[in-house]
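Just so we're clear, the structure is a prediction, and the values are computed from it rather than from any experiment.
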Amino acid sequence: MKRLLAFTFFVLFAALCALAAGRGWAGQVLGDPVRGGRIYENWMITLDVVPPPGNHPLWNTQDVNKSAGTQTWTCVACHGWDYKGAAGAYGQHSTYYTGFKGITGIVGGSQAEVLSWLNGSANANHDFSSYLDSDATRDLIAFLRTRLVDTDLMINPTNGGALGNAEEGRKDFQASCADCHGADGSEINFGTEDSPLYLADIAVADPWRFVHKTRFGATVAPTMPASEELGWSLGRVTNLLAVAQGLTRGNPALRPFNRNSSGPVQLESQARIEPLVWAAVGLFAVVVAGAAYDYYQQHYAPGRRHIKR
């Protein structure tokens with residue numbers, strides 16, 4: 001009995017060690033995920049490289065979005081600022097709709113698995129190996145594996161409203177944003193003189209874009225601080241969005257492009273738990289087998305004297 005218990009616990013311990021080692025190895029993160037976030041936005045500007053000619057090969061497999069040229073090569077053009085693709089803000093209601101799926105399911109994937117989507121192994125038409133050097137590839141993979149979040153926890157998916165507290169975010173805005181954007185957010189005009197677009201216009205019309213740029217900085221403004229480097233929580237970013245949405249509007253008529261609200265919000269998985277589930281099932285099977293074997297030895301093993309009680 002004692003030997004059996006010792007053997008069972010040894011097997012359990014070995015299985016747990018193997019699982020931890022496997023998860024640890026698969027979970028190694030190489031590269032700079034913050035730079036990877038800027039590469040996701042626009043790798044051509046971030047890496048200062050000449051844009052490829054024509055449209056991205058996969059872009060031509062859809063005929064809904066009529067955009068063309070350089071922007072079709074950016075990750076965000078297909079997968080969106082919320083990383084949900086056609087299932088998110090770039091749904092059928094949006095002028096940005098392409099039908100391409102999101103990438104949130106890649107969270108928790110291995111280095112090799114994510115790389116396969118960037119070097120053409122998984123899809124020959126999605127090969128960026130000729131454009132991204134090894135450092136850029138590692139940085140983008142680090143972003144994809146560790147920094148994708150479910151924006152529905154930060155932004156109301158039906159109306160684009162921030163799910164944060166403006167009062168709590170005001171201090172961060174004054175300390176990190178007001179010097180460049182102004183106390184009311186109108187210091188920088190993202191539009192034209194006749195049709196101005198201030199920070200609040202961006203925050204209201206495209207809050208997902210605001211959140212991404214807040215977290216990773218802007219490709220066209222390399223000096224802009226990234227909240228991911230400042231150590232901010234997602235809650236602080238959400239509070240900052242709430243502040244920005246209440247600032248001065250340059251174009252009050254500009255409305256947010258809402259996500260299709262005809263059905264329930266579908267939340268994407270934030271990690272892969274299948275290995276843990278199967279490991280738990282395996283460990284349970286070992287325990288049951290050990291208990292069954294012990295019961296057999298106690299009651300039915302040949303040569304065992306059975307005592308009636």
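No donor-acceptor contact under 3.5 angstrom links the side chains of Asn239 and Asn165, judged on distance only. Defined by atom type and a distance below 3.5 Å, a donor-acceptor pair is missing between the side-chain atoms of Thr192 and Asp194.
Sorted by first and then second residue, the salt bridge (charged side-chain N to carboxylate O under 4.0 Å, His left out) pairs with a member in residues 163-179 read Glu167-Arg170, Asp172-Arg236; sequence neighbours excluded. Within the structure, salt bridge (charged side-chain N to carboxylate O under 4.0 Å, His left out) contacts touching residues 43-67 (residues at least two apart or in different chains) do not occur. Applying the salt bridge (charged side-chain N to carboxylate O under 4.0 Å, His left out) test to every pair with at least one member in residues 240-254, sequence neighbours left out, gives these pairs: Asp201-Arg249.
When all heavy atoms of Trp73 and Gly69 are compared, the closest pair comes out as CD1-O, 3.6 Å. The two residues Ala242 and Ala166 come nearest to each other via the heavy atoms CB-N, 3.7 Å.
Both Val76 and Trp43 are part of a single hydrophobic cluster, where members link through side-chain heavy atoms under 4.5 Å apart. A single hydrophobic cluster is seen to contain both Val49 and Ile39, as judged by linkage of ILVMFWY side chains at heavy-atom distances under 4.5 Å, directly or through other members.
When hydrophobic residues (I, L, V, M, F, W, Y) are linked wherever their side-chain heavy atoms come within less than 4.5 Å, Tyr198 remains an isolated member.
By the 30° and 60° cut-offs, the orientation of the rings of His126 relative to Phe128 is perpendicular. The aromatic rings of Tyr83 and Phe143 sit perpendicular, their planes meeting at an angle over 60°, well past the 30° parallel limit.
The main-chain N or O of Ala142 is found under 3.5 Å from a side-chain atom of Thr146 such that the two form a donor-acceptor pair.
Taking OG of Ser116 as the reference point, atom CG of Asn123 lies at 10.0 Å (rounded to 0.5 Å). The CZ atom of Phe100 sits 7.0 Å away from atom CH2 of Trp59, with the distance rounded to the nearest 0.5 Å. Residue Asp82 holds its CG atom at 9.0 Å from OG1 of Thr104, rounded to the nearest 0.5 Å. In this structure, Arg145 CZ and Ile106 CD1 are separated by 9.5 Å, a value rounded to the nearest 0.5 Å. Rounded to the nearest 0.5 Å, atoms CH2 (Trp81) and SG (Cys75) are 10.5 Å apart. Remark: Phe173 CZ to Leu199 CG distance equals 6.0 Å, nearest 0.5 Å.
The pair Lys84-Asp150 counts as a salt bridge, with a side-chain nitrogen and a carboxylate oxygen less than 4.0 angstrom apart.
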Under 3.5 Å, which donor-acceptor pairs link side chains of residues 217-227 to any protein atom two or more places apart or in another chain?
unit_1	atom_1	unit_2	atom_2	d
Thr219	OG1	Glu41	OE2	3.2
Ser227	OG	Thr214	O	3.3

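When the salt bridge (charged side-chain N to carboxylate O under 4.0 Å, His left out) test is applied to Asp135, the partners found at least two apart in sequence or on another chain are Arg138.
Ring pair Tyr97/His93: centre-to-centre distance not below 6.0 Å.
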